[in-house]
Amino acid sequence: MITYCIIYIPFILSSIFDFNSKNEKTKRKIVWLWVFVLTVFWGIRWNCGTDWENFYDVFKGSDLNNVFTFTRGMAEPIEPGYVLLNAIVKSMGGNYSCFLLLFSFLVLYCLARISIKYTNYPLISFIYLVISLGVIFPSRQALAMGISSYAIPFLTKRKFVKYYFCILIAATIHISVLVLIPFYFLNLSKMKVWVIGGLYILSFSIGNWLATVIESVLNLNVLGPLISIRLNSYSQTVSSIDEDFSSRGIMSIMLSLMFLFYFIKRKYYNSKERLLNYSFYGFFVMEVIRNVFMQTMRDLMRLELFFRPYAAVLYATSFGGLKYGKYKYVSYFLFILLMSYYFFKMLTGVFSAAYLPYKTIF
């Protein structure tokens, strides 16, 4: 655990530069420094982290000739973009550590790009995105989320074809990112506060009957093998992620409500700035997904990850915006407290045995 603390505690504390420094170049350099540090930390691990054996097997079995036909246990297909990435590294003579270094860099590059391009407080956003991945080491969904963030400008400019293309590319890494397609068509900009509150409350009970709807859709056999297998796997009543990953306990609900009330008070829900407006509803959809699947089909809670970039914009705007007032250091303290809480919850949760001890290739 000490190894993780040596990396992550300074990482979280470095957000002070967003609260104190006005030098944008300095803050960006620090973000890229952390991209390098975390790329190495994530990339040189060995037999450490969740899904280690499964995806090591994918690397060993991938080839340029089976990009579209690769399957793993129970004939489960793997998205071709992810297989292609593995195969390219192998064809160039790289080993699994080379792949992990490349994969980690791509994820972190995307998260850094989101933070630098869409917020004035890149460290707050970047730290939040890394800590909120839900697992210490990145998953395929993290890369799919990062790639999908390229669609954000096309969402705000209402250019569906380009938006759809970005999501489609991300779907070659993990098919579940397609959940972002209907988000484009949600006309939420004129939603009243009482409707927002009502939908939030209603979302706690939707999961009780949604399982039947999903089962009926699967029985139609119209979704194709990849989507059907993934949806069937994620919609099981018994979760494979247990009670800690993206868990929805009392503390989580309290934090969710606190931020929802604060963002409503700041009137982000009807902001004339389109990015803030869409970010509010991205955050809202994220929280609704967590509410819907908190009791049943908890694997589907993973879908909330794809809306994290929107939440990052709001977190950065809200925490960073207080730097000019008398609550600057209170805001900084609350931010590091929140990120530390997420970090230790993640490190000591159900996957702790997969993280500890930290093992490397050396």
Side-chain angles (χ1 to χ4, degrees), residues 24 28 31 79-82 84-85 106-122 124-126 128-129 132-133 140-192 195-196 199 222-224 226-227 230-231 263-264 266-289 302-318 320:
E24 296 299 322
R28 290 177 183 179
V31 169
E79 287 80 350
Y82 182 74
L84 178 62
L85 195 60
L106 291 175
V107 171
L108 289 162
Y109 174 83
C110 289
L111 301 189
R113 180 183 175 275
I114 294 168
S115 303
I116 291 171
K117 184 176 179 64
Y118 300 121
T119 78
N120 294 321
Y121 308 98
I124 294 175
S125 173
F126 184 65
Y128 167 77
L129 286 170
S132 69
L133 288 177
R140 290 187 299 133
Q141 284 178 305
L143 181 56
M145 178 262 280
I147 295 172
S148 71
S149 69
Y150 281 80
I152 292 175
F154 306 122
L155 173 66
T156 58
K157 295 176 183 177
R158 309 307 294 163
K159 296 182 178 181
F160 175 71
V161 174
K162 293 182 178 180
Y163 177 88
Y164 175 75
F165 180 76
C166 293
I167 304 304
L168 199 62
I169 296 298
T172 67
I173 303 297
H174 205 287
I175 197 71
S176 60
V177 75
L178 293 177
V179 72
L180 287 173
I181 291 179
F183 182 63
Y184 181 92
F185 298 102
L186 294 179
N187 185 17
L188 302 171
S189 59
K190 296 182 180 180
M191 189 178 292
K192 302 296 184 182
V195 177
I196 294 172
L199 288 175
V222 295
L223 297 178
L226 182 56
I227 297 178
R230 198 76 76 235
L231 185 58
F263 296 153
I264 289 175
R266 299 287 297 178
K267 296 187 177 180
Y268 294 146
Y269 65 95
N270 63 0
S271 173
K272 293 181 179 179
E273 188 177 340
R274 282 195 169 186
L275 180 58
L276 278 179
N277 187 244
Y278 280 108
S279 293
F280 174 84
Y281 290 106
F283 166 83
F284 179 69
V285 171
M286 179 184 80
E287 295 300 329
V288 164
I289 289 173
R302 297 174 180 180
L303 296 176
E304 56 93 13
L305 182 68
F306 301 120
F307 297 91
R308 290 283 176 180
Y310 299 104
V313 171
L314 294 192
Y315 274 65
T317 302
S318 300

Least distance between heavy atoms, Ile124 atom then Ala316 atom: CG2-CA, 3.7 Å
field: Nearest non-hydrogen partners of Tyr150 and Cys110, listed with the distance
entry: CE1-SG, 4.3 Å
query: Is the CZ atom of Arg266 crowded by more than 12 outside heavy atoms at less than 6.0 Å?
result: no
message: Taking Pro122's backbone N and O only, do any of them form a donor-acceptor pair with Ser125's side chain (distance below 3.5 Å, no angle check)?
response: no
message: Atom CZ of residue position Phe154 - does it have more than 12 heavy atoms of other residues, nucleotides or ligands inside 6.0 Å?
response: yes
- prompt: Is the distance between the ring centroids of Phe160 and Tyr184 under 6.0 Å?
  reply: yes
message: For a quick test of reading the model, state the closest non-hydrogen atom pair linking Glu79 to Arg140 and the distance between them.
response: OE1-NH1, 2.5 Å
message: Let me confirm one number: the CE-OH distance from Met191 to Tyr269, rounded to the nearest 0.5 Å.
response: 12.0 Å
message: I need the minimum non-hydrogen distance between Ser271 and Leu276, along with the two atoms involved.
response: OG-CB, 3.8 Å
- prompt: Looking at residues at least two apart in the chain, or sitting in another chain, which of them share a ring-ring contact (aromatic ring centres under 6.0 Å, His included) with Tyr268?
  reply: Phe263
message: Using only atom types and a distance under 3.5 Å, with no angle test, would you say the side chain of Thr172 pairs donor to acceptor with the backbone of Ile169?
response: yes
- prompt: Closest heavy-atom contact between Tyr118 and Leu275?
  reply: O-CD2, 3.6 Å
message: Quick check: do Val288 and Val285 have side-chain heavy atoms less than 4.5 Å from each other?
response: no
query: Side chains of Ile196 and Phe280: does their closest heavy-atom pair fall under 4.5 Å?
result: yes
message: Students often mix this up, so state it plainly: with edges at 30° and 60°, are the rings of Tyr310 and Phe307 parallel, tilted or perpendicular?
response: tilted
message: What I want to check is whether the side chains of Tyr163 and Arg158 have a donor and an acceptor closer together than 3.5 Å.
response: no
- prompt: Is Phe306 close to Val179 at the side-chain level, that is, under 4.5 Å between some pair of heavy atoms?
  reply: yes
- prompt: Do the non-hydrogen side-chain atoms of Ile147 and Ile167 ever get within less than 4.5 Å of each other?
  reply: no
query: Angle class for the Phe183/Tyr278 ring planes (parallel below 30°, perpendicular above 60°, tilted otherwise)?
result: perpendicular
query: More than 12 heavy atoms of other residues, nucleotides or ligands under 6.0 Å from CZ of Phe165: is that the case?
result: no
- prompt: Do the numbers put Arg308 on top of the ring of Phe283, so that NZ or CZ is under 6.0 Å from the six-membered ring centre and no more than 45° off the axis?
  reply: no
query: Looking only at heavy atoms, which two atoms of Leu133 and Ala142 are closest? And how far apart?
result: CD2-CB, 3.8 Å
